[in-house]
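Atoms within each ligand, like the ligands themselves, are counted from 1 in listed order. Values in this document were obtained by computation on a predicted structure and should not be read as measured data.
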Amino acid sequence: MGPFNYLSRPISEHSLLNRHYIVSVAESNGYSAFDFHARILYIYLSMSTARVHINSFGCQMNKLDTALVTASLKQAGFVLADGIEQCDVVLINTCSVRGHAEQRVLSHLGNLKHIKQTRPEMIVGVVGCMAQRLGGELLARDEVDIVCGPAQIPQIAELVTETLSGKKKTLAVTEKIRQASEEQTRALEEFESAADADDRTVPNQAYVRVMRGCNNFCSYCVVPFVRGPEVCRPPKAVIEQIKKLADRGVKSVTLLGQRVNAYEYKQGRKTYCLADLLEMASEVEAIKWLRFVTSYPSEKFFDGILQAMADLPKVCSYLHLPAQSGSDGILQAMNRHYTAGQYLALLARARAAVGDIAVAGDFIVGFPGETEADFSATVDLVKKARYKNAFIFKYSPRPGTTAEKENQNNIPDEVKKRRNTELLDVQTKISDELSSRFLGKEVEVLVEGLSKKPHLDKADSRGQPQLVGRTAADYIVVFNGPLSLAGQFAKVKITKTSPLTLFGELKTIATEVTDAVLSSLKANEESNTD
Ligand code: 5AD
Ligand code: SF4
């Protein structure tokens, strides 16, 4: 695989780009020698040093897509720009899960429209879920030049190159999103496994997608309509990618899927499930921590996954298991296939099987028809579940979903807000209790880098900056230390706690990295004395 593999169509098909819908990414194999050389020549000629700024909204899935887009643009010769001031191209990777996320993008576009009045040559591209959902409606906006859905990101460098070379506007989305296209899956797979994805915002940590799309159709959720049907990646491709990342220094990998615990891949007589992936990934020596998100509360494969968590030391004791509601009536209306009792029983099994497992949850308040009694049932469930943290959202009607079509967004916003605050207060107390257990204890963290929020003094008496890291169970830890620790493991003694953050003092650097860190510190010292 060369650096040019993102271009997945023969040159003779380029005229197709002028059509409004690029529905599929055609064959990636079977080029003639002429096609192949023409492709290389085309890309060589179109290699661009244009400066691109990428803005990213949304979940981990989107962050990963942004990393893939970034890697492919860099491979094509584009230069990344930190801000929009001096860039030639602005790309926005978008999220459609709630109306609020879309509103933020629309107001960002309004801002870009304003900027384009003085810089009309600047190209604006909307990528991701909102591009797929709104398609032509977005392209009709004056400031938008490119609209590229999540399934078309393998073409992004090509779309940008064409637009820069004078093409007017391009719409690249999937016309029939619920019809899986083998070619499209193949192109995405090829793109994903070949990408360098070295644009990780957190050093030595990476996300690896194990499945795309979703077939669950929770009644409030837009994901099945923008990311298409569930497709699991071959285990070999996933493991190869993890090995490649490990070779580049990655120590912690998070496996991603909308229902990651439903991962299933049949090959011959063997059916691979998430527990198999965890076991195979554990064998990659340089990988020290493995996590997986997001899990769906279901019996299928559950015990096998718990067993893998218990048996495999590299698999972190962390489970993100959204309940969404504690009311059986609301869960049914949400098309979630479990009751509150079944959900709590799964949690109890997880706690019995995996020592000190940290659990995170998601909730939606103000779903159509949610009564005070339904809401109390949710409060009750939160109290029983004892989450490390929970993400709480106000119901947002999403066009095209069953809940929206039934058109009963009947809980007033003030009630949603009140329930949101009330539930958050209950959860904050629990988070605080769980955090405070760490007081005086030593924890191991993987250091992410500089702390973005200056909780304590920015630097300590030795001038060391404030760093942030996470424990295996995903607790956030803030402490002072040398920046050279970013991407390394370290031991921190906890001296203060708050509901969502632990604060502490750096004790030791994990033995396996001591030499590397010490030599980098020594090199720093030497260059300072020169
Ligand atoms: N309104 C509010 N929250 C939503 N989520 C998904 N769809 C909606 C919606 N329409 C929340 C769920 C999900 C998380 C990613 O976003 O809690 O787990
Ligand atoms: Fe949406 Fe439900 Fe699929 Fe999660 S499982 S992505 S909430 S449809």
Student: With V52 as reference, evaluate V90, L73, T70 under the side-chain contact (heavy atoms from CB on, under 4.5 Å) test and give the passing residue.
Tutor: L73
Student: Can R98 be said to sit on top of F393's aromatic six-ring, NZ or CZ under 6.0 Å from centre and within 45° of the ring axis?
Tutor: yes
Student: Output, in order, the C-alpha distance, side-chain angles, deciding distance and verdict of salt bridge (charged side-chain N to carboxylate O under 4.0 Å, His left out) for E444 and K288.
Tutor: CA-CA 12 Å; E444 186 177 35; K288 302 298 174 203; over 6 Å; no
Student: Can you list the atoms of ligand 2 that are under 4.0 Å from a heavy atom of R336?
Tutor: 2 (Fe), 7 (S)
Student: For ligand 1, which atoms, with element, lie under 4.0 Å from some heavy atom of V97?
Tutor: 5 (N), 6 (C), 7 (N), 8 (C), 9 (C), 10 (N), 16 (O)
Student: Does K266 have any side-chain hydrogen bond (donor to acceptor under 3.5 Å, both in side chains) partners at least two apart in sequence or in another chain, and if so, which?
Tutor: none
Student: Report, as a single number, the protein N, O or S atoms less than 2.8 Å from atom 3 (Fe) of ligand 2.
Tutor: 1
Student: Backbone, side chain, both or neither: what part of M61 comes under 4.0 angstrom of ligand 2, heavy atoms only?
Tutor: neither
Student: Considering distance alone, does some N or O of R398 sit under 3.5 Å from an N or O of ligand 1?
Tutor: no
Student: Does NZ or CZ of K416 come closer than 6.0 Å to the centre of the six-membered ring of Y395, within 45° of the ring's axis?
Tutor: no
Student: Under a plain distance cut-off of 3.5 Å, with no hydrogens placed, do R470 and Q205 share a side-chain donor-acceptor pair?
Tutor: no
Student: Testing the 3.5 Å rule here: is there a donor-acceptor pair between the side chains of T174 and Q184?
Tutor: yes
Student: Starting from atom 7 (N) of ligand 1, find the nearest protein heavy-atom neighbour and note its residue, name and distance.
Tutor: Y220 CD1, 3.3 Å
Student: For Y338, which residues count as a side-chain hydrogen bond (donor to acceptor under 3.5 Å, both in side chains) partner, sequence neighbours excluded?
Tutor: R336
Student: Could you find the nearest protein heavy atom to atom 5 (N) of ligand 1 and give me its residue, atom name and distance?
Tutor: R98 NH1, 3.5 Å
Student: With heavy-atom distances below 4.0 Å as the criterion, list the atoms of ligand 1 near D362.
Tutor: 13 (C), 14 (C), 15 (C), 17 (O), 18 (O)
Student: Among protein heavy atoms, which lies nearest atom 7 (S) of ligand 2, and at what distance?
Tutor: Y220 OH, 3.4 Å
Student: Who's the nearest protein heavy-atom neighbour of atom 10 (N) of ligand 1, and how far?
Tutor: S396 O, 2.8 Å
Student: Please check if atom CD in E182 has more than 12 non-hydrogen atoms from other residues, nucleotides or ligands closer than 6.0 Å.
Tutor: no
Student: So if I count the atoms of ligand 1 from 1 in the order they appear, which ones are less than 4.0 Å from some heavy atom of Q324?
Tutor: 12 (C), 13 (C), 17 (O), 18 (O)
Student: Have a look at ligand 1 and work out which part of F393, if any, has a heavy atom under 4.0 Å from it: side chain, backbone, both or neither.
Tutor: side chain
Student: Do the side-chain N and O atoms of D432 and S435 include a donor-acceptor pair separated by under 3.5 angstrom?
Tutor: no
Student: Return each pair, listed once, that meets salt bridge (Lys or Arg N to Asp or Glu O under 4.0 Å) where at least one residue sits in residues 136-151; pairs must be two or more places apart or across chains.
Tutor: K113-D142, K116-D145, R141-E143
Student: Between N204 and S252 (side chain of the first, backbone of the second, donor and acceptor by atom type, cut-off under 3.5 Å), is there such a pair?
Tutor: no
Student: Only heavy atoms of K394, strictly under 4.0 Å: list the atoms of ligand 1 that pass.
Tutor: 1 (N), 2 (C)
Student: Any nitrogen or oxygen of Y395, main chain or side chain, under 3.5 Å from a nitrogen or oxygen of ligand 1?
Tutor: no
